[in-house]
Number of protein chains: 2
Amino acid sequence: MVRDQSKLKNTKRENAKGTTRSKKREETSARIVQAARQSFAKRGFHGTSTRDIATEAGTNQGLITYHFGTKDALWRAAADNLFEEIGGRLFDRLALRQLADERENARESIREFVRFSAEYPEFFWLMVDEGKNADERLDWLITTHLRPRFNVLADYMLNELGYSQTDLPHVYYALAGAASLIFAVAPECRQLTGVDPLKKEVIERHADFVARLIVA
Amino acid sequence: MVRDQSKLKNTKRENAKGTTRSKKREETSARIVQAARQSFAKRGFHGTSTRDIATEAGTNQGLITYHFGTKDALWRAAADNLFEEIGGRLFDRLALRQLADERENARESIREFVRFSAEYPEFFWLMVDEGKNADERLDWLITTHLRPRFNVLADYMLNELGYSQTDLPHVYYALAGAASLIFAVAPECRQLTGVDPLKKEVIERHADFVARLIVA
DNA sequence: GAAAAGATTATTCGTTTGAATAAATTTGAG
DNA sequence: CTCAAATTTATTCAAACGAATAATCTTTTC
């Protein structure tokens with residue numbers, strides 16, 4: 001029964017990567033994290049039970065205790081996983097293009113951000129779920145993941161989009177909100193307006209709409 | 001033990017309004033609904049326990065069963081209460097002014113919507129919390145409260161702001177998102193940017209920012 | 001002022017939850 | 001092949017949950 005891997009003795013066994021055992025361990029762990037990410041995103045931290053996560057991952061609840069210790073730690077692992085995946089894809093998209101027209105360049109970056117928001121509604125769900133209460137999870141989320149990413153985006157907005165320091169929070173949250181909400185409440189949008197926001201052409205229309213909104 | 005008032009016999013007792021008893025009943029009920037509104041908004045449906053609500057309302061949990069029956073019914077009562085309050089104030093604000101400059105008229109309406117979003121973050125929280133899962137609560141929320149309000153806003157956007165039918169979902173969710181997110185995640189905004197979005201001057205700045213965004 | 005009905009509190013019930021522990025199984029090292 | 005360690009499953013525990021019921025207190029009616 002190993003609860004904390006950091007306490008493992010530094011034996012020759014530790015560098016046995018790729019063995020059947022450590023492969024299985026990672027696979028199982030990954031399956032749990034994946035299920036946790038889905039559940040936490042869709043139903044929030046409190047709305048998710050560790051048993052449901054285990055079932056969805058096709059395993060036993062005890063494995064969560066074994067691999068992660070607590071529900072809180074599993075939530076952190078799920079967030080880590082999300083941001084790891086996000087980190088690469090988001091910044092691969094932004095600021096890559098160097099079109100002649102600077103404004104069109106900025107617009108395309110915003111379009112990419114909207115496409116990203118459609119692909120990863122979890123990001124927005126997490127932000128809203130945890131951002132409204134000043135607790136320990138929010139602290140961790142900000143210092144570990146949000147601040148570094150915010151700084152990059154802030155740089156981009158200041159230098160490439162030409163916004164002022166004072167405007168920063170307003171641009172950031174207005175853009176994030178305008179880009180993401182429609183995808184975050186997709187079922188509501190479908191039922192309320194009859195339009196499915198996750199259809200390709202609707203995503204593109206929203207991308208263009210928001211891009212032209214912010215860079216007229 | 002009265003579980004369902006509609007089943008009460010239609011005696012002369014029913015019109016005893018303003019008596020000490022019925023006054024107390026309404027006061028208690030209102031206190032519970034108020035506490036429920038706060039809790040459901042801040043911690044979501046699943047993150048809220050009926051015991052906590054009762055305690056916060058300064059009463060016993062049994063009273064929730066007595067007055068509302070189930071947690072679900074209490075949630076509906078809380079939502080009713082929120083929308084009742086919102087309904088009046090929101091539409092009092094919109095489309096009231098008739099300035100000479102039509103664009104400035106539209107901008108001021110949007111500013112009012114942003115001020116409203118700062119005052120009632122619950123609206124946004126509810127929308128995101130319930131809008132991401134297609135369940136019975138979402139059905140009820142849409143048919144009972146969202147659709148009528150959406151129709152009014154849609155009219156306003158089509159006729160006053162000059163948007164097209166196709167653009168409607170995009171305008172609606174982009175505006176709602178841009179206007180509300182910064183207030184919905186106020187603790188995060190404070191910690192991440194150092195700016196408190198609920199300060200009067202920040203609200204006004206955001207109002208102006210979003211207004212100029214949408215009506216350039 | 002007494003009896004009935006209404007409102008409130010206290011207690012209880014069956015489930016579910018997060019977590020811990022025990023038992024069983026699988027794997028790798030010697 | 002064997003045995004210890006790692007992993008997985010099964011079981012158990014105390015606490016919290018929504019809900020129901022019982023008991024108590026208050027108000028109204030006659």
Side-chain angles (χ1 to χ4, degrees), chain A residues 1-32 36 39-40 43-77 137, chain B residues 1-5 7-32 36 39-40 43-77:
Chain A
M1 272 164 245
V2 178
R3 290 279 150 61
D4 189 344
Q5 283 183 270
S6 65
K7 278 182 188 159
L8 275 175
K9 267 189 288 187
N10 192 14
T11 66
K12 52 186 161 178
R13 207 166 294 107
E14 78 163 14
N15 47 3
K17 294 235 167 166
T19 61
T20 310
R21 170 165 292 173
S22 73
K23 215 181 251 174
K24 256 214 154 186
R25 177 192 181 87
E26 276 169 39
E27 273 175 19
T28 310
S29 174
R31 226 166 348 109
I32 293 175
S39 294
F40 282 136
R43 286 180 285 280
F45 182 80
H46 291 289
T48 302
S49 83
T50 54
R51 273 178 180 80
D52 287 350
I53 292 175
T55 305
E56 209 167 325
T59 55
N60 191 286
Q61 187 223 12
L63 272 187
I64 290 177
T65 308
Y66 178 66
H67 282 295
F68 303 95
T70 68
K71 183 184 182 182
D72 229 83
L74 174 59
W75 178 86
R76 280 172 169 77
R137 281 201 307 279
Chain B
M1 274 165 242
V2 179
R3 288 280 149 63
D4 190 345
Q5 282 181 274
K7 279 182 188 160
L8 276 176
K9 268 189 290 186
N10 192 14
T11 65
K12 52 187 164 181
R13 210 167 291 108
E14 78 161 15
N15 47 3
K17 294 236 167 164
T19 62
T20 310
R21 170 164 293 174
S22 75
K23 215 181 253 173
K24 255 216 153 185
R25 177 195 181 83
E26 276 169 38
E27 274 175 19
T28 309
S29 174
R31 227 168 344 112
I32 293 175
S39 294
F40 283 135
R43 286 180 284 280
F45 182 80
H46 291 289
T48 302
S49 83
T50 54
R51 274 178 179 83
D52 288 349
I53 292 175
T55 305
E56 210 169 323
T59 56
N60 190 287
Q61 188 222 15
L63 273 186
I64 289 177
T65 307
Y66 179 65
H67 282 294
F68 303 94
T70 68
K71 183 184 181 183
D72 229 83
L74 174 58
W75 178 86
R76 280 173 169 76

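Proteins get letters first, then strands, A, B, ... in listed order; numbering begins at 1 in each. Quick caveat: nothing in here was measured; it's all calculated off a predicted structure. Just so it is clear, the values below take in all heavy atoms, side chains as well, and ignore hydrogens, waters and symmetry mates.
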* Side chain of His67(A) only, please: which of dT8(D), dT8(C), dT9(C) is the nearest? => dT8(D)

With [X] via side chain to side chain contact (heavy atoms under 4.5 Å, CB included) - residues at least two apart:
X: Arg137(A); value: Phe45(A), His46(A), Asp72(A), Trp75(A), Glu130(A), Asp135(A)
X: Thr55(A); value: none
X: Thr59(B); value: Thr28(B), Arg31(B), Ile32(B), Ala54(B), Ala57(B), Leu63(B)

Take atom [atom1] of [X] and atom [atom2] of [N], then tell me their distance rounded to the nearest Å.
X: Asn60(B); N: dT21(D); atom1: CG; atom2: P; value: 16 Å
X: Tyr66(A); N: dA10(D); atom1: OH; atom2: C1'; value: 16 Å
X: Arg31(A); N: dT7(D); atom1: CZ; atom2: P; value: 14 Å
X: Ile64(A); N: dT17(C); atom1: CD1; atom2: P; value: 12 Å
X: Phe68(A); N: dG18(C); atom1: CZ; atom2: P; value: 15 Å

* Asked: Is the shortest side-chain N/O distance from Thr28(A) to OP1 or OP2 of dT8(D) below 4.0 Å?
  -> yes

* How would you list, by chain and number, every residue that makes a side-chain hydrogen bond (donor to acceptor under 3.5 Å, both in side chains) with Asn60(A), sequence neighbours excluded? -> none

* Asked: What's the shortest heavy-atom distance between Ser29(A) and Phe68(A), and which atoms?
  -> OG-CZ, 3.6 Å

Mind listing the N/O atom pairs, protein and nucleotides 12-19 of chain D, below 3.5 Å?
{"residue": "dG18(D)", "atom": "OP1", "partner": "Thr48(B)", "partner atom": "O", "Å": "3.3"}
{"residue": "dG18(D)", "atom": "OP1", "partner": "Thr50(B)", "partner atom": "N", "Å": "3.4"}
{"residue": "dG18(D)", "atom": "OP1", "partner": "Lys71(B)", "partner atom": "NZ", "Å": "2.9"}
{"residue": "dG18(D)", "atom": "OP2", "partner": "Thr50(B)", "partner atom": "N", "Å": "2.8"}
{"residue": "dG18(D)", "atom": "OP2", "partner": "Thr50(B)", "partner atom": "OG1", "Å": "2.8"}
{"residue": "dG18(D)", "atom": "N7", "partner": "Arg51(B)", "partner atom": "NH1", "Å": "2.9"}
{"residue": "dG18(D)", "atom": "O6", "partner": "Arg51(B)", "partner atom": "NH2", "Å": "3.1"}
{"residue": "dA19(D)", "atom": "OP2", "partner": "Lys71(B)", "partner atom": "N", "Å": "2.7"}
{"residue": "dA19(D)", "atom": "N7", "partner": "Gln61(B)", "partner atom": "NE2", "Å": "3.3"}
{"residue": "dA19(D)", "atom": "N6", "partner": "Gln61(B)", "partner atom": "OE1", "Å": "3.1"}

* **Partners meeting salt bridge (Lys or Arg N to Asp or Glu O under 4.0 Å) with Arg43(B) (sequence neighbours left out)** => Glu56(B)

